[in-house]
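Shown next, in structure tokens, is the structure this report addresses.
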Amino acid sequence: MTHSSVPAPFLRCTLGRKPKSTRFPSTETARLPPARPCPQPRWRRRPPCLPPARPCPQPRWQRRPPRLPSARPCLQPRWRRRPPRLPSTGPVIDMPVPASFNDITQDPNLENYIGWVWYEKEVLLPRRWLQDDLNTRVVLRFGSAHYYSIVWVDGVQVAEHEGGHLPFEADISSVVQGSPGIPCRITVAINNTLTPHTLPPGSIQYMNDVSKYPKNYFVQNIKFDFFNYAGIHRPVVLYTTPSVYIDDITVTTTSSESVAMVQYQVSVVGSALYSLSLSLRDQEGKVVATGDGPAGELKVLDPNLWWPYLMHENPGYRYSLEVKLQAQANGALLEDVYTLPVGIRTVRVTSTQFLINGKPFYFHGVNKHEDADIRGKGLDWPLVVKDFNLLRWLGANSFRTSHYPYAEEIMDLCDAYGIVVIDECPGVGIKTAESFGNKSLQHHLVVMEELVRRDKNRPSVVMWSVANEPASQLPPAAYYFKTVIAHTKALDPSRPVTFVTDVNYALDHGAPYVDVICVNSYFSWYHDPGHLEVIPLQLTTQFENWYKTYQKPIIQSEYGADSVPGLHSDPPLMFSEEYQKAMLKEYHSVFDKKRKEYVIGELIWNFADFMTNQGTTRVLGNKKGIFTRQRQPKSAAFVLRERYWKIANESSCLPPITKSHICFL
Ligand code: GCB
């Protein structure tokens, strides 16, 4: 739970000089004037993840000291104990936060850098945060950092976190309180090395043939198809709570036509002596239900349900749950207030349907990536909003967060616009037996805990996906997925769970445990390239085999073809825009037959072109987007747009009136 906050401290970051023994050339130094926290007082009142209202002082970061990665990231003890001021240790470079570091400079070594990088920033905290030190808790929160992070404040280690894509935070009160007026120094060390036990997994391969490679040469191998961007990808914020505070809220909802129940659970930390009061308001601000205590149920008469986009004229309806805590501590009355948007909706899966609020929901949507020129995976508000405009233009009602959890800011907009989400964890590229072992499994369980904790209250999230295309034909996959899926269901019994497979239906050891079969196939592309005519037969067979085996509804969770924008050919040849369109049409004819039976969705691969590792099958990245990386439509986008709107209209739901007013997020 987060309370009053200042915006991202925009870590002052610098790039370190490398020891001579490494293969990384030195990088120029550039300095900016010192960054200042919180230029606008109103930011302090905002929740922590909102973006800055205007450009902020540029941050800087330091990478230091480059060292060869090891299976388990570890730092030289001297550095871990108390990192020195980074500029005193060598050259530094300026680095924006949030952003990936890879594409910011002209240095190819930084683009492909593997190992430790260091960020640093000094922040002056408001005096009032530091004076009432018994009753104020100061927290430093990271939206995400890739992948292994250690954080110090004034040289004192305050946090250590494994894994990207998910938030982590640290109570830094004891470090910063007592020295008002003195800037505090935030230092972050991040290691982007992927090992068989990280998520996603990877491996470091040392090239020992000295006739071919320089000394200590190594490569980071990965088994996933997107560029392995790294850095501080999401906002970093400082916020305060009272020393007794609302730590977490869990909300689930049930409903009938005329009455809904909102079940809540509030966890409080800091004292056992407190009182809690809750009020639920509708969008007009009218209180529709009240409650008290840490757990209970709120009854809402004639509820406005949360509906997906294109399923209702008013999609994304959310009530506002205000939770107020009062506690006595250290002779003072403390109050903590948290406001949570609540969408009332139900989700249920039958053997042939996916039901939202009891009505069949057909996923006509996309797979995405967090990916853009220059900022890589860094949160970029203009791009985020552009993408939602394109989704709505397309008539898409859903997406999968392929292949990792997306920024909370993106998820907030899904809730608000009614875009339905299959929320995927970073379990992508799990291809070796080693990555199905106990160590990996334990980490996967923790990642699911973090993901469920972050997104459990989001009405847009209708299903968890615990992995993409693992080697689920390997025998250990059975126990692995049984355990991960059972754990996820125990954490959240209200949502179905799946993973996305490309393994043959008869060989897949994980499929027995999923609620919905999500299958990827690339007929006429990776299989029988150039042969569009095989699609109808092969796709029909695929669906029938899966359904016959499991009697579970099926989503075509990926299908697609690369197209180089502007490349034309008739008859259609691979990589032309015409081929991409023709492939879509062949797939769609089968979807149209099978969606009358048990196929409950189609998600195109991919919404937009995206960067990948270099390779002989990739032309400056993966070109299966229906939009270019710069978000211009290819011909396929128009084919899909016509189809999605047709499907939306068939389901006889009123499309919402497109409002074109500006509202500030
Ligand atoms: C897949 C993967 C996705 C790739 C895509 C492709 O099956 O799930 O990550 O990018 O195929 O284009 O190869």
Side-chain angles (χ1 to χ4, degrees), residues 71 147 163-165 193-205 219-226 228 367 369 400-405 422 424-448 451 464-488 497-523 525-527 538 542 545-546 549-550 552 554-560 603 605-606 612-613 615 617-618 622:
Y147 283 99
H165 314 286
T193 308
L194 294 174
T195 75
H197 307 296
T198 52
L199 275 190
S203 62
I204 296 293
Q205 187 180 0
V219 289
Q220 167 78 73
N221 291 321
I222 51 175
K223 299 276 186 201
F224 53 84
D225 180 39
F226 53 90
N228 192 21
N367 291 276
H369 264 301
R400 171 166 67 120
T401 66
S402 44
H403 294 308
Y404 38 80
I422 300 173
E424 188 158 280
C425 89
V428 57
I430 308 177
K431 299 288 189 189
T432 63
E434 195 181 358
S435 295
F436 284 114
N438 202 34
K439 190 172 173 189
S440 298
L441 176 60
Q442 292 313 315
H443 179 53
H444 205 142
L445 300 183
V446 172
V447 170
M448 289 315 300
L451 176 59
W464 305 109
S465 164
V466 300
N468 177 70
E469 295 188 355
S472 44
Q473 75 282 11
L474 299 178
Y479 177 73
Y480 190 92
F481 284 108
K482 184 179 176 192
T483 310
V484 176
I485 291 173
H487 189 64
T488 308
V497 183
T498 190
F499 74 90
V500 171
T501 184
D502 64 342
V503 166
N504 180 283
Y505 75 99
L507 305 177
D508 197 307
H509 292 288
Y513 307 106
V514 302
D515 295 305
V516 172
I517 304 285
C518 287
V519 56
N520 296 347
S521 57
Y522 288 89
F523 304 127
W525 193 259
Y526 293 123
H527 305 281
Q538 295 190 0
Q542 167 200 282
N545 282 337
W546 276 105
T549 313
Y550 288 107
K552 292 177 187 175
I554 305 174
I555 296 177
Q556 181 75 35
S557 38
E558 283 181 31
Y559 69 108
L603 304 175
W605 191 264
N606 188 285
T612 62
N613 266 358
T617 58
R618 295 290 176 257
N622 187 310

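Here the structure is a predicted model, which is why all the values come from computation and not from measurement.
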[atom1]/[X] to [atom2]/[Y] distance, rounded to the nearest 0.5 angstrom?
X: L194; Y: K223; atom1: CG; atom2: NZ; value: 13.0 Å
X: T401; Y: I422; atom1: OG1; atom2: CD1; value: 9.0 Å
X: D502; Y: S472; atom1: CG; atom2: OG; value: 7.0 Å
X: T498; Y: I485; atom1: OG1; atom2: CD1; value: 7.0 Å
X: L199; Y: Y147; atom1: CG; atom2: OH; value: 10.0 Å
X: T488; Y: H444; atom1: OG1; atom2: NE2; value: 7.0 Å

Where do [X] and [Y] come nearest, in terms of heavy atoms and distance?
X: D225; Y: H369; value: O-NE2, 4.5 Å
X: D508; Y: P512; value: O-CD, 3.9 Å
X: S402; Y: E424; value: CA-OE2, 3.7 Å
X: S435; Y: S440; value: O-CB, 3.2 Å

Side chain to side chain contact (heavy atoms under 4.5 Å, CB included) between V484 and L445: does it pass, once the steps are laid out? CA-CA 6 Å; V484 176; L445 300 183; 4.1 Å; yes
Just wondering, do [Y] and [X] contact through their side chains at under 4.5 Å, heavy atoms?
X: N520; Y: W605; value: no
X: L451; Y: H165; value: no
X: K482; Y: H509; value: no
X: H403; Y: F226; value: yes
X: V519; Y: I555; value: no
X: I517; Y: Y505; value: no
X: F499; Y: C518; value: no
X: P426; Y: V447; value: yes

What verdict does the side chain to side chain contact (heavy atoms under 4.5 Å, CB included) test give for Y479 and L441, after you've listed the backbone C-alpha separation in whole Å, the side-chain angles of each residue and the deciding distance to 0.1 Å? CA-CA 10 Å; Y479 177 73; L441 176 60; 3.7 Å; yes
Aromatic centroids of F481 and Y513 separated by under 6.0 Å: no
Establish, from distance only, whether the side-chain atoms of Q556 and S521 form a donor-acceptor pair under 3.5 Å. yes
Scan side-chain atoms only and decide if N622 and N606 contain a donor-acceptor pair under the 3.5 Å cut-off. no
Between N367 and S557 (side chain of the first, backbone of the second, donor and acceptor by atom type, cut-off under 3.5 Å), is there such a pair? yes
Please check if the side chain of K552 supplies one atom and the backbone of W546 the other of a donor-acceptor pair under 3.5 Å. no
From CA spacing to verdict: salt bridge (charged side-chain N to carboxylate O under 4.0 Å, His left out), E558, R400: CA-CA 10 Å; E558 283 181 31; R400 171 166 67 120; 2.7 Å; yes
Below 30° counts as parallel, above 60° as perpendicular, anything between as tilted: where do the rings of F523 and H527 land? tilted
